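Contents: one structure, followed by commentary.
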Amino acid sequence: MKTENVSINNQNYILHLQYQDNEKLRLEFNRLTKKVWNFDFENYYQSGFWDDSCILYSLFDGDTIVSHITISLFKSNIDGKPKNFIQLGTVMTDESYQKKGLSRFLMEKFLHDFKGKHDGIFLFANETVLDFYPKFGFTPTKEFEAFQAIENLDLSIPHKKRKLELDEDNDLKLFEELVEQSVSNTMFPTKNKSITFFYCYANPEMGYKNSIYFLETLNCAVIIEIQDKTLHIVEVFSPEQVNLNHVIAAFDGIPFDEVVLGFSPKQNDFQYRLWKDDDVQLFVTPELLLVFEKYQIIVPLLSHT
């Protein structure tokens, strides 16, 4: 935990960083998060999977949190070269403290602290702040989702599956090992065990805890969703790269007409189409803009913050 007294436009505030172990401050952070975003981080903290890759930057007025950003760190690999990426999320300022330069201060502080320590930054912004992030060098960019009609896939080698019950110690341990040991099946890896368990374990309301399957013959865990006869393969965790057709074949007992991936596969037998979340726009720094313009890719859905 780090604490610093700061003055912004002649008003005094307290800047707290990495303070999640301080219960009083954490619960105040949860209060504002719940108010603004309708969820909180308490189950995440209590799960034990919150690590140093998730960093809180918050301004307090006395005991009251007034503005915040969350920094998430990712290990990646692009064109065979290791990369360190950062995502900004949970950006919020209390209504009564808006238009006082607090978000700008936090952005400038973060960018200063991480200067020269990353290979690119990305974030998702809603329509109310689309003019804000370009002031800091961020550019909106397009994403493309990978998909394929079922008739164009080879599903001739079915694999048995079983649902993982993460409330069972053995299944939780198995899933954790697969996440830790996983190699990338995507062209834009965003490896972060902590965020994976935020979605898949700590917060069942996020929808993924009850959608995790183990394919023993492929030694992989698969997270899926079914919507309107579309099979969504959200993510695959395996110590070795797997043939995604074999993964899909494990779910052939479920009626679906199309498969959509929540990541951009290295496997080249998928089609691509422009994808846009109606609620948010992806912004990236110049280093990542080159990557997104060169490849038809998407930020893995399980990495959004």
Side-chain angles (χ1 to χ4, degrees), residues 1-9 11-46 50 52-74 86-114 121-138 140 192 194-195 198-199 202-203 205-206 277-285 299 301 303-305:
M1 176 177 171
K2 299 179 182 179
T3 299
E4 180 182 348
N5 293 317
V6 300
S7 177
I8 305 169
N9 294 326
Q11 296 293 321
N12 295 325
Y13 300 94
I14 305 171
L15 174 65
H16 290 298
L17 310 180
Q18 293 182 298
Y19 58 85
Q20 63 266 25
D21 291 333
N22 183 308
E23 183 176 19
K24 181 179 179 180
L25 296 179
R26 185 182 71 251
L27 293 180
E28 175 62 9
F29 162 63
N30 283 333
R31 179 196 62 78
L32 184 60
T33 306
K34 187 75 172 180
K35 177 182 177 181
V36 175
W37 297 111
N38 201 32
F39 76 95
D40 63 42
F41 284 70
E42 191 59 22
N43 286 345
Y44 182 36
Y45 179 79
Q46 298 299 336
W50 188 339
D52 290 340
S53 68
C54 177
I55 305 170
L56 304 181
Y57 269 61
S58 303
L59 286 169
F60 280 69
D61 184 356
D63 294 332
T64 303
I65 188 172
V66 295
S67 191
H68 172 82
I69 58 174
T70 301
I71 313 302
S72 297
L73 309 179
F74 295 91
I86 298 174
Q87 182 178 192
L88 304 185
T90 334
V91 180
M92 55 187 177
T93 298
D94 188 87
E95 287 181 352
S96 58
Y97 286 83
Q98 293 177 2
K99 297 184 179 180
K100 295 179 180 291
L102 305 189
S103 290
R104 172 179 285 278
F105 172 87
L106 288 174
M107 286 292 295
E108 290 175 347
K109 172 64 174 171
F110 150 70
L111 291 171
H112 175 268
D113 289 350
F114 282 87
I121 309 170
F122 63 97
L123 60 90
F124 292 91
N126 62 41
E127 61 182 10
T128 64
V129 289
L130 296 183
D131 295 332
F132 179 67
Y133 294 106
K135 299 175 183 178
F136 302 95
F138 289 85
N192 183 310
S194 181
I195 290 180
F198 173 84
Y199 280 112
N203 294 283
E205 67 274 14
M206 297 295 181
D277 187 321
D278 292 335
D279 297 323
V280 294
Q281 169 65 53
L282 173 64
F283 281 82
V284 299
T285 50
V299 174
L301 297 184
S303 299
H304 288 207
T305 64

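Please read all numbers here as calculations on a predicted model, not as lab measurements. Only this structure's heavy atoms are used, side chains among them; waters, hydrogens and symmetry mates stay out.
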Checklist entry - Between CG of Asp21 and CH2 of Trp50, what distance do you get to the nearest 0.5 Å? => result 9.0 Å
Item to check | Heavy-atom donor-acceptor pair, Gln87 side chain to Thr305 backbone, under 3.5 Å | outcome: yes
Item to check | Residue pair Ile69 / Phe110, side-chain heavy-atom distance below 4.5 Å | outcome: yes
Item to check | Charged N-O contact under 4.0 Å between Glu28 and Lys24 | outcome: no
Checklist entry - Are Ser67 and Leu106 side-chain neighbours, meaning at least one heavy-atom pair lies under 4.5 Å? => result yes
Next on the checklist: Please check if the number of heavy atoms outside Glu95 that lie under 6.0 Å from its CD is greater than 12.
Outcome noted: no
Next on the checklist: Regarding Glu4 and Lys109, does a basic nitrogen lie under 4.0 Å from an acidic carboxylate oxygen?
Outcome noted: yes
Checklist entry - Would you say the side-chain atoms of Thr285 pair up with the backbone N or O of Phe138, donor to acceptor, closer than 3.5 Å? => result no
Next on the checklist: Once ring pair (Phe, Tyr, Trp, His ring centres under 6.0 Å) is applied, do any residues pair with Phe105, and if so which ones, sequence neighbours excluded?
Outcome noted: none
Checklist entry - Going from CD on Gln11 to CG on Leu102, what distance comes out if it is rounded to the nearest 0.5 angstrom? => result 9.5 Å
Checklist entry - Should we count CD of Glu108 as having more than 12 external heavy atoms under 6.0 Å? => result yes
Item to check | Side chains of Leu88 and Ile121 in contact at under 4.5 Å (non-hydrogen atoms) | outcome: yes
Item to check | Between Asn5 and Tyr13, a side-chain donor and acceptor under 3.5 Å | outcome: no
Checklist outcome for this item: Sorted by chain and number, sequence neighbours left out, side chain to side chain contact (heavy atoms under 4.5 Å, CB included) with Thr3 holds for Met1, Ile14, His16
Item to check | Derivation and outcome, side chain to side chain contact (heavy atoms under 4.5 Å, CB included), residues Phe74 and Ile195 | outcome: CA-CA 10 Å; Phe74 295 91; Ile195 290 180; 3.5 Å; yes
Checklist entry - Can you name the residues that form a side chain to side chain donor-acceptor pair (under 3.5 Å) with Lys35, not counting sequence neighbours? => result Asp94
Next on the checklist: If the condition is side chain to side chain contact (heavy atoms under 4.5 Å, CB included), which residues does Asn43 pass it with, not counting sequence neighbours?
Outcome noted: Asn203
Next on the checklist: Quick one, Tyr45 with Asn30, criterion side-chain hydrogen bond (donor to acceptor under 3.5 Å, both in side chains). Give me CA distance, side-chain angles, the key distance, then yes/no.
Outcome noted: CA-CA 11 Å; Tyr45 179 79; Asn30 283 333; over 6 Å; no
Item to check | Row check, Phe41 ring normal vs Arg26 NZ/CZ: under 6.0 Å, within 45° | outcome: no
Next on the checklist: Closer than 3.5 angstrom, by distance alone: can the side chain of Gln281 be matched with the main-chain N or O of Pro140 as a donor-acceptor pair?
Outcome noted: no
Checklist entry - When you check the side-chain N and O atoms of Thr33 and Asp40, is any donor under 3.5 Å from an acceptor? => result no
Donor-acceptor contacts, no H, no angles, side chain residues 122-136, under 3.5 Å, sequence neighbours left out:
from	atom 1	to	atom 2	distance (Å)
Asn126	OD1	Thr128	N	3.1
Asn126	OD1	Thr128	OG1	2.4

Checklist entry - Are any of the side-chain heavy atoms of Phe29 and Met92 separated by less than 4.5 Å? => result yes
Next on the checklist: With heavy-atom distances below 4.5 Å as the criterion, would you say the side chains of Arg31 and Thr64 are in contact?
Outcome noted: yes
Would you give me the side-chain donor-acceptor pairs under 3.5 Å for residues 56-63, sequence neighbours excluded?
from	atom 1	to	atom 2	distance (Å)
Tyr57	OH	Asp113	OD2	2.7
Ser58	OG	Tyr19	OH	2.6
Ser58	OG	His68	ND1	2.6
Asp61	OD2	Tyr97	OH	2.6

Checklist entry - Taking Gln98 for the side chain and Thr93 for the main chain, is one N or O donor matched with an acceptor at less than 3.5 Å? => result yes
Next on the checklist: Tell me the closest heavy-atom pair linking Ile71 and Leu73, and the distance in Å.
Outcome noted: CG2-CD2, 4.0 Å
